[in-house]
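Comments concern the structure below.
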Amino acid sequence: MPDRFVRIALGVTLGLLIAFVAQPYILAFLYSADAPRSVTARGDLSAAEKTTVDLFARAAPSVVHVFAQAAAQGRALMEPDDEFGQGEQQQGSGTQTGTGFVWDAAGHVVTNNHVVEAATKGGGSISVRLASGEVVGARVVGTAPSYDLAVLQLGRVAKMPPPLAVGTSADLKVGQSAFAIGNPFGLDHTLTTGVISALQRRLPTQEGRELSGVIQTDAAINPGNSGGPLLDSAGRLIGVNTAIFSPSGASAGIGFAVPVDVVNRVVPDLIKNGRVRNPGIGIIAGQEATAARLGIDGVVVLRVLPGSPAAQAGLRGVDPRSGTIGDVIVGANGRPVHRLSDLTAVVEEAGLDRPVTLLVERDGRVRTVRLNTADVAQTRL
């Protein structure tokens with residue numbers, strides 16, 4: 001009796017072991033999907049997904065890929081395309097690439113000045129690839145380095161893309177959705193999404209100015225996105241993507257865009273005059289770091305340009321012989337002025353040929369100075 005029980009137990013154990021070893025083969029034989037599987041019905045897209053899909057479908061045809069060749073080099077044509085290259089700077093080819101978007105029905109394209117700067121200074125050429133794949137030549141109509149903006153004029157195209165709808169940056173709220181379309185790392189028409197993560201940022205630009213009111217977003221912005229549109233959930237332009245903050249050079253969730261209200265003021269000037277008229281008072285400001293080391297809270301007037309509003313109002317710069325500090329601007333239009341960007345913001349808000357009231361400190365005494373702004377684009381302010 002015990003022997004029989006042992007034999008039965010061993011048989012059952014052996015059967016279970018065989019079944020365990022054979023299980024994968026049995027399952028593969030019985031259930032292998034050796035023919036295309038049937039598609040499971042997905043159902044409708046969510047309302048948020050539909051909104052994003054529709055937004056991209058409307059806006060993408062207006063977004064273009066900009067190629068700025070610094071100098072004509074025949075050997076560049078012999079180099080392989082770097083589809084997954086560095087985006088804004090294709091190494092070895094001398095080509096700066098970025099993004100732009102159609103501004104009007106006349107074929108004007110807005111992009112960043114730093115995208116086309118090398119071509120404009122070096123006598124190079126600019127070409128634009130449209131969403132349709134058509135590549136056309138373009139020329140620079142005007143640049144505004146102080147705002148990192150440039151306007152191009154497209155050559156003859158088979159069908160002009162539609163201009164982007166323009167919104168406003170005056171009523172933006174932190175937390176609202178933001179959408180960026182561009183060509184990161186040379187990849188055409190890439191959509192990234194996020195939110196507006198901060199407002200009223202300051203961004204250094206060329207010619208000694210700081211751009212105020214800059215939009216910060218966590219929508220992924222990478223090399224190649226420069227000059228592309230930042231859109232709200234209605235598909236309206238709210239900013240021009242211009243810079244990222246990233247130790248690695250790739251997106252770190254902190255991107256910056258020139259606010260559309262600035263773009264909407266600057267671009268018409270560039271189209272009409274080839275340059276932007278910068279409201280200013282005709283001063284060159286001293287270095288902020290030096291002023292801080294001297295314990296000065298305000299904008300030190302380093303030099304006053306002859307004939308400027310500042311000169312006419314009697315402002316005084318630093319004495320070049322003795323080094324004695326003249327005037328320090330500590331307020332403007334009822335706001336405190338601690339640094340140059342504070343003064344720049346007030347002057348730009350005032351506009352051209354508009355009155356500005358300054359609080360100016362000289363020899364420990366503060367006085368009120370009233371003057372009108374003027375076009376002083378060649379100066380810092």
Side-chain angles (χ1 to χ4, degrees), residues 42-66 87 97-105 107-112 115 128-134 149 152 154 157 159-199 213-244 251 253-264 267:
R42 181 200 183 284
D44 293 336
L45 295 174
S46 68
E49 288 175 314
K50 288 180 180 179
T51 298
T52 303
V53 170
D54 292 343
L55 180 149
F56 182 77
R58 293 195 312 270
S62 304
V63 180
V64 302
H65 201 164
V66 179
T97 71
T99 305
F101 56 91
V102 178
W103 179 259
D104 57 25
H108 289 111
V109 167
V110 175
T111 187
N112 279 150
V115 171
V128 172
R129 182 161 62 205
L130 307 180
S132 64
E134 181 182 4
L149 293 173
L152 311 178
L154 294 177
V157 298
K159 182 180 180 181
M160 187 66 68
L164 274 180
V166 173
T168 178
S169 48
D171 58 359
L172 295 178
K173 299 291 188 295
V174 173
Q176 75 178 75
S177 297
F179 305 83
I181 302 179
N183 307 290
F185 304 108
L187 299 172
D188 285 343
H189 285 82
T190 298
L191 172 70
T192 55
T193 65
V195 298
I196 293 173
S197 47
L199 296 168
V214 172
I215 302 166
Q216 180 182 321
T217 179
D218 69 346
I221 296 174
N222 287 288
N225 275 107
S226 287
L230 185 70
L231 309 171
D232 63 10
S233 57
R236 304 180 308 161
L237 179 72
I238 57 173
V240 176
N241 300 319
T242 189
I244 60 174
S251 176
I254 302 179
F256 300 100
V258 181
V260 70
D261 289 351
V262 173
V263 178
N264 212 2
V267 168

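These numbers come from a predicted model, not from an experiment.
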Side chain to side chain donor-acceptor pair (under 3.5 Å) partners of Ser233, counting only residues at least two apart: none
Contacts of Thr111 that satisfy side chain to side chain donor-acceptor pair (under 3.5 Å) - sequence neighbours left out: none
Treating [X] as the side-chain partner and [Y] as the backbone partner, does any N or O pair qualify as donor plus acceptor under 3.5 Å?
{"X": "Asp261", "Y": "Ala170", "value": "yes"}
{"X": "Thr217", "Y": "Val195", "value": "yes"}
{"X": "His189", "Y": "Val63", "value": "yes"}
{"X": "Asn241", "Y": "Pro229", "value": "yes"}
{"X": "Asn264", "Y": "Val267", "value": "no"}

Heavy atoms only: give me the nearest [X]-[Y] pair and the separation to one decimal.
{"X": "Asn222", "Y": "Pro184", "answer": "CB-CB, 3.8 Å"}
{"X": "Gly98", "Y": "Asn183", "answer": "O-ND2, 3.6 Å"}
{"X": "Ala219", "Y": "Ala178", "answer": "CB-O, 4.2 Å"}
{"X": "His65", "Y": "Thr97", "answer": "NE2-CB, 4.1 Å"}
{"X": "Pro61", "Y": "Phe56", "answer": "CD-O, 4.2 Å"}
{"X": "Ile215", "Y": "Gly239", "answer": "CD1-CA, 4.4 Å"}

Between Ile196 and Lys173, is the side chain to side chain contact (heavy atoms under 4.5 Å, CB included) condition met? List the steps. CA-CA 7 Å; Ile196 293 173; Lys173 299 291 188 295; over 6 Å; no
Side chain to side chain contact (heavy atoms under 4.5 Å, CB included) evaluation trace for Phe179 with Thr51: CA-CA 11 Å; Phe179 305 83; Thr51 298; 5.8 Å; no
When rounded to the nearest 0.5 angstrom, what distance separates [atom1] in [X] from [atom2] in [Y]?
{"X": "Ile181", "Y": "Leu55", "atom1": "CD1", "atom2": "CG", "value": "6.0 Å"}
{"X": "Thr99", "Y": "Asn112", "atom1": "OG1", "atom2": "CG", "value": "9.0 Å"}
{"X": "Trp103", "Y": "Ser62", "atom1": "CH2", "atom2": "OG", "value": "12.5 Å"}
{"X": "Leu237", "Y": "Leu230", "atom1": "CG", "atom2": "CG", "value": "8.0 Å"}

Residues Met160, Leu154; criterion side chain to side chain contact (heavy atoms under 4.5 Å, CB included); working and verdict: CA-CA 9 Å; Met160 187 66 68; Leu154 294 177; 4.0 Å; yes
Step-by-step side chain to side chain contact (heavy atoms under 4.5 Å, CB included) determination, Val128 to Leu152: CA-CA 9 Å; Val128 172; Leu152 311 178; 4.3 Å; yes
Heavy-atom side-chain proximity of [X] to [Y] below 4.5 angstrom:
{"X": "Leu149", "Y": "Val240", "value": "yes"}
{"X": "Leu231", "Y": "Leu164", "value": "yes"}
{"X": "Lys159", "Y": "Leu130", "value": "no"}

Salt bridge (Lys or Arg N to Asp or Glu O under 4.0 Å): which pairs involve residues 176-195, sequence neighbours left out? Arg129-Asp188
